[in-house]
Amino acid sequence: MMNAPIKLVVVGAAGRMGRTLINLISQTPGVVLHAAVERAGSAALGKDAGDLAGAGTLGVAITDDPLAAFLHADGVIDFTSPASTVEFAALAAQARIVHVIGTTGCLPEHEDKIDAAARHARVVKSGNMSLGVNLLSVLIKQAARALEAADWDIEVLEMHHKHKVDAPSGTALLLGQAAAEGRGVDLTSHSVRVRDGHTGAREEGSIGFATLRGGSVIGEHSVLFAGEGEIITLSHSAGDRSLFARGALKAAVWAFDKKPGRYTMLDVLGLNSTP
Ligand SMILES: NC(=O)C1=CN([C@@H]2O[C@H](COP(=O)(O)OP(=O)(O)OC[C@H]3O[C@@H](n4cnc5c(N)ncnc54)[C@H](OP(=O)(O)O)[C@@H]3O)[C@@H](O)[C@H]2O)C=CC1
Ligand SMILES: O=C(O)C1=N[C@H](C(=O)O)C[C@H](O)C1
């Protein structure tokens with residue numbers, strides 16, 4: 001007896017990631033595009049989601065009604081904005097479905113609401129859905145643990161396309177968090193997010209962030225461990241958005257039979273047990 005396909009909703013369906021996801025779902029056995037959502041007033045409303053994504057006609061018209069879209073779905077994949085993601089989290093909790101959150105730029109107040117939703121929804125949230133970045137984060141945690149703060153300074157550098165609206169990137173913060181965990185410190189209190197004017201000498205143990213924006217860069221990240229006379233650089237270069245979509249789809253299928261709660265891509269990829 002074949003299992004019924006997992007019914008997925010894509011919110012932000014007309015966006016860069018939304019269209020990438022719809023393309024991937026249309027080519028992946030075992031999952032089906034159940035609904036596609038954009039905000040009220042969007043020029044995409046009523047259009048076929050597959051046509052818009054270049055996947056061919058799928059017979060799924062883009063709607064602005066997430067409540068109806070989630071009603072008989074198994075999961076929602078969400079690459080939108082923090083305020084929208086919080087709204088979708090409440091609806092996913094109400095519908096008791098999977099909520100894969102790729103949205104970055106969330107503030108503590110957004111995270112608190114997502115935590116509340118995760119009492120009823122299965123939430124997988126990550127600043128980067130790719131295997132490569134999540135594996136890199138494990139390596140960075142190990143390197144940060146091995147390289148003493150007194151001798152090694154950690155700097156996180158990222159570059160994205162000119163349309164990106166948040167900084168530093170969710171990936172940069174994910175990698176910075178891995179470094180902080182390796183050092184056994186709190187990231188927020190050890191972060192230097194901006195350097196301008198007479199900054200004074202670099203504070204030992206701080207973790208610096210630098211952000212570049214321009215062109216069509218998909219996502220470039222480097223973590224530099226700068227010592228006396230040497231630098232160790234661990235990097236990731238994203239060549240295509242499909243690597244994020246593959247991770248998000250893997251997360252949706254993985255979470256299908258899990259209990260309500262909050263999960264990360266390290267859980268999905270089985271990288272959480274790595275010391
Ligand atoms: N975790 C990861 O692996 C990745 C995360 N991201 C993150 O995903 C997010 C989106 O990135 P990207 O796809 O490039 O951005 P886009 O702006 O291209 O797409 C976002 C889409 O969501 C729509 N949207 C926003 N709010 C709502 C709403 N309430 N209801 C329905 N649709 C809504 C937008 O519509 P409108 O234009 O009308 O606002 C837009 O079409 C960003 O936070 C980015 O950092 C991106 C790639 C990978
Ligand atoms: O906005 C993007 O494009 C991306 N955002 C994510 C981030 O903020 O790290 C992931 C990826 O780098 C692409």
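Order of listing sets the numbers, starting from 1, for every ligand and every atom in it. Positions are given from 1, in the same order as the sequence printed here. Keep in mind the model is a prediction, meaning the values are calculated, not measured.
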Item to check | Heavy-atom proximity to atom 8 (O) of ligand 2, best of K164, H160, R16 | outcome: K164
Checklist entry - So which of A245, G15, G102 gets nearest to atom 5 (C) of ligand 1, if we judge by its closest heavy atom? => result G102
Checklist entry - Any donor and acceptor pair, going by atom type alone, linking the side chain of E158 with main-chain N or O of S169 inside 3.5 Å? => result yes
Next on the checklist: Using modelled atom types and a 3.5 Å cut-off, is there a donor and acceptor pairing between side-chain atoms of H120 and backbone atoms of A117?
Outcome noted: no
Within the 4.0 Å heavy-atom shell around [X], which atoms of ligand 1 are there?
| X | answer |
| --- | --- |
| F244 | 3 (O), 47 (C), 48 (C) |
| M17 | 13 (O), 46 (C), 47 (C) |
| F88 | 28 (C), 29 (N), 30 (N), 31 (C) |

Checklist entry - Is it true that atom CD of E203 has more than 12 heavy atoms of other residues, nucleotides or ligands lying nearer than 6.0 Å? => result no
Atom indices of ligand 2 within 4.0 angstrom of [X] heavy atoms, with elements:
| X | value |
| --- | --- |
| G127 | 6 (C), 7 (C), 9 (O), 10 (C) |
| I218 | 3 (O), 13 (C) |
| T171 | 7 (C), 9 (O), 10 (C), 12 (O) |
| S169 | 7 (C), 8 (O), 9 (O) |

Next on the checklist: Quick check: H221 and ligand 2, any N/O pair under 3.5 Å apart?
Outcome noted: no
Checklist entry - Could K250 and W254 be counted as a cation-pi pair, given that NZ or CZ must be under 6.0 Å from the ring centre and within 45° of the axis? => result no
Less than 4.0 Å is my threshold; does some heavy atom of [X] fall inside it relative to ligand 1?
| X | value |
| --- | --- |
| S42 | no |
| G127 | yes |
| N128 | yes |
| K164 | yes |

Checklist entry - Mind checking whether I232 and L224 have side chains closer than 4.5 Å, heavy atoms only? => result no
Checklist entry - What do you reckon, does E158 put a non-hydrogen atom under 4.0 Å from ligand 2? => result no
Next on the checklist: With a cutoff of 4.0 Å, is A238 in contact with ligand 2, counting heavy atoms of the residue only?
Outcome noted: no
Next on the checklist: Between R202 and E155, does any NZ, NE, NH1 or NH2 come within less than 4.0 Å of an OD or OE carboxylate oxygen?
Outcome noted: yes
Next on the checklist: Taking the basic N atoms (NZ, or NE/NH1/NH2) and the acidic carboxylate oxygens, is any pair closer than 4.0 Å for R262 and D115?
Outcome noted: yes
Item to check | Polar proximity ligand 1 side, R16 side, N/O cut 3.5 Å exclusive | outcome: yes
